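Notes to accompany the following structure.
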Amino acid sequence: MCGIVGYVGTPGKTPSAVGLVLDGLRRMEYRGYDSAGIAALDGKGGMAVEKRAGRLDNLAEAVEDANLNNYESTTGLGHIRWATHGRPTDVNAHPHVDSDNKIAIVHNGIIENFAVLRAELEADGFGLRSDTDSETIVHLLHREYYGDGENRGSIDKSVRAVANMLEGAFTIVIAHADHPDRLLACRRNTPLVVGIGEDAMFLGSDVAAFIEYTRQAVELGQDNIVTITKDGYTITDFAGTEIEGRPFTIDWDLEAAEKDGYDYFMLKEIAEQPHAIADTLRGHLHNGRIVLDEQRITDEDLRQIEKIFVVACGSAYHSGMLAKYAIEHWTRVPVEIELASEFRYRDAVLGPDTLVLAISQSGETADTLEALRHARAQKARVLAICNTNGAQIPRESDAVLYTHAGPEIAVASTKSFLAQVTANYLVGLALAQARGTKYAEEVEEIFQDLENMSAKVEKTLEQWDNVNEIAGHFAQNDTMLFIGRNVGYPVALEGALKLKELAYIHAEGFPAGELKHGPIALLEEGVPVIVIMPSPKRHPLLHSKMVSNVQEVQARGATTIVIAEEGDDSVIPFADHIVRIPECPSLLQPLVATVPLQMLAAEIATQRGYDVDKPRNLAKSVTVE
Ligand code: F6R
């Protein structure tokens with residue numbers, strides 16, 4: 001949700017700011033695409049600013065027209081917006097600039113007390129141009145820096161003073177034309193990382209902003225202010241006390257963040273799923289035991305757990321539904337699955353004997369973060385599954401298992417979903433092992449089954465042409481239904497979500513047994529129904545029930561697209577189209593069954609002429625509630 005790039009380089013040695021910041025924004029585009037903007041300092045007290053509504057290409061064109069590509073500057077910042085306050089217009093785009101064109105700021109987050117601050121500024125004679133909460137920040141800085149108070153003339157003190165005035169969530173990067181050797185930034189509740197380059201320093205909402213230049217980074221804590229110059233960085237808290245950041249090395253490279261010959265990142269990310277599974281498993285079985293990446297609670301604490309809540313949003317929530325099946329089956333501990341956005345607003349019974357499993361690709365999702373804070377405040381333990389090293393959610397958790405899906409650029413999750421499912425199963429095994437409900441050999445056997453899933457996903461990818469052909473029949477439909485039972489039900493929900501968000505088709509997922517209790521009324525001639533079939537060998541009872549369900553829908557005129565195991569010929573009479581998936585243990589079937597649904601959504605969206613990587617109205621990480 002909003003992407004930020006900052007850069008301070010060395011004249012004559014490191015690239016010029018405008019091109020570098022634009023490139024950084026290009027890689028952050030998945031964080032928002034309502035508008036984009038850039039500011040660069042010329043080192044002599046001047047500042048160039050361009051901003052445009054819409055995609056980054058609009059900004060690139062404006063930069064070209066203004067001949068800014070040749071602007072001599074090695075200090076710049078940029079922003080890509082996902083609109084919260086104010087429509088996506090040129091005026092509301094960031095950077096926001098003060099009345100003297102000296103200070104520029106970019107902001108990610110929400111300033112909750114902005115109405116009060118805005119009224120105060122207006123009473124002081126400041127004219128605000130935009131409808132955003134963010135613009136107040138630049139005028140507050142102006143008031144501190146140019147006012148008669150103790151902060152006059154000090155950019156450091158002014159930033160500190162303003163940071164202390166703000167409520168809500170914010171990452172702000174600040175440039176002052178009279179201090180071209182530095183950028184300042186402060187953060188609370190939204191992400192910011194520092195990149196350490198050679199003769200250059202960087203800021204980014206995430207490391208994709210500067211991955212082309214360095215893999216050395218520093219993680220900032222809550223309520224930190226950082227100043228970067230070409231030579232280094234200093235971090236303080238909001239009171240000005242110096243503190244240390246946490247250095248880390250980024251374990252993926254630029255190539256991983258580029259399209260690699262695919263038309264869309266999403267297609268590349270679908271194809272990368274066998275690796276996402278394998279990489280997520282790697283290193284987690286050690287001497288016959290499942291190990292988490294970080295564990296700040298003891299196995300004894302895990303043995304005391306009497307109830308588990310899984311909290312997550314969107315696709316991560318669907319992955320969490322699968323955690324429930326696995327954890328209850330393997331540990332016999334009751335598990336409830338909750339949408340994070342609902343969890344904290346009801347009075348769930350929480351305490352030291354409750355474990356909250358928080359699942360988030362980005363590790364920034366505000367709903368999930370606030371849910372875990374709510375749980376911790378009531379002494380519950382929190383275990384996070386996250387794809388982003390050092391993000392806020394894992395930092396605030398008692399234990400962490402990182403998924404290693406690599407950077408996911410397309411807004412819709414694909415490989416991170418399969419990696420989350422894999423990680424959920426690992427957490428289930430870790431709990432079973434800690435509580436003694438599974439013997440070491442059983443844990444190893446299931447781990448082996450999980451390892452085998454990479455090859456099975458690879459095999460499923462061979463269905464791509466078949467799925468594309470099927471997609472051609474339905475690209476113009478305006479409704480699609482998905483049905484599954486047991487672990488097939490979350491798969492149905494995930495398939496429907498993918499179709500909604502990418503192809504803007506009304507799609508719904510149902511437990512197949514529930515159809516006859518209402519939704520079957522939606523069926524009429526030609527409505528496509530996608531059916532996730534359980535294995536006839538591994539789950540014969542469920543399979544026979546599903547066969548009845550497919551017959552029911554077909555009898556009412558629906559066109560059936562059946563995702564069925566190789567060799568399951570019983571479905572042939574009832575399937576208008578079949579997609580084959582390899583046989584695997586029932587609990588693990590979602591890892592293969594989801595893949596054709598991702599392909600289907602991507603292909604239908606493409607055939608309808610939509611940008612698969614950047615669905616309308618969405619942002620990759622949702623840092624507002
Ligand atoms: C759907 C999708 C979203 C995310 C959700 C949670 O394709 O990507 O539904 O799954 O916003 O995001 P994270 O996992 O970053 O917390």
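From a predicted model like this one, the values you see are computed outputs, not experimental measurements. Numbers here simply count residues along the sequence, with the first being 1. Both counts, for ligands and for their atoms, begin at 1 and track the order of listing.
Counting only heavy atoms of the protein, atom 3 (C) of ligand 1 lies nearest to S315 N, 4.0 Å. Scanning the protein heavy atoms around atom 12 (O) of ligand 1, the nearest turns out to be T365 OG1, 3.5 Å. The protein atom (non-hydrogen) at minimum distance from atom 7 (O) of ligand 1 is E501 OE2, 2.5 Å. Protein heavy atom nearest atom 14 (O) of ligand 1, with residue, atom name and distance: Q361 N, 2.6 Å. From the protein, the heavy atom lying nearest to atom 11 (O) of ligand 1 is V622 CG2, 4.3 Å. When hydrogens are left out, the protein atom nearest atom 2 (C) of ligand 1 is S413 OG, 3.4 Å; that is the closest non-hydrogen contact.
The option from C313, S362, S416 that lies nearest to atom 6 (C) of ligand 1, judged by heavy atoms, is C313.
For V411, the closest heavy-atom approach to ligand 1 falls below 4.0 Å. Using a 4.0 angstrom heavy-atom cutoff, K498 counts as in contact with ligand 1.
Below 30°, between 30° and 60°, or above 60°: for H577 and F474 the angle between ring planes is above 60°, a perpendicular geometry. Aromatic ring orientation, F309 versus F343: tilted (interplanar angle from 30° to 60°).
Against a heavy-atom cut-off of under 4.0 Å, A412 is close to the following atoms of ligand 1: 7 (O). Near A316, meaning under 4.0 Å from any of its heavy atoms, are these atoms of ligand 1: 10 (O), 14 (O). Ligand-side atoms of ligand 1 in range of Q420: 14 (O), range being under 4.0 angstrom from any heavy atom.
Distances between N or O atoms of T368 and those of ligand 1 include no value under 3.5 Å.
Taking the six-membered ring where the residue is Trp, the centroids of Y504 and Y610 are separated by under 6.0 Å.
Scanning all heavy atoms of the two residues, the minimum distance from V193 to F210 falls at O-CE2, 3.8 Å.
Few gaps surround NZ on K500; more than 12 heavy atoms of other groups in view lie less than 6.0 Å from it.
In this structure, a donor-acceptor pair under 3.5 Å is absent between the side chains of N466 and E469. Between the side chains of N387 and T403, at least one donor-acceptor pair of N or O atoms lies under 3.5 Å.
Rounded to the nearest 0.5 Å, atoms CG (D57) and CZ (R26) are 5.0 Å apart. If you take CD on E370 and CG on D367, they are separated by 8.5 Å, rounding to the nearest 0.5 Å.
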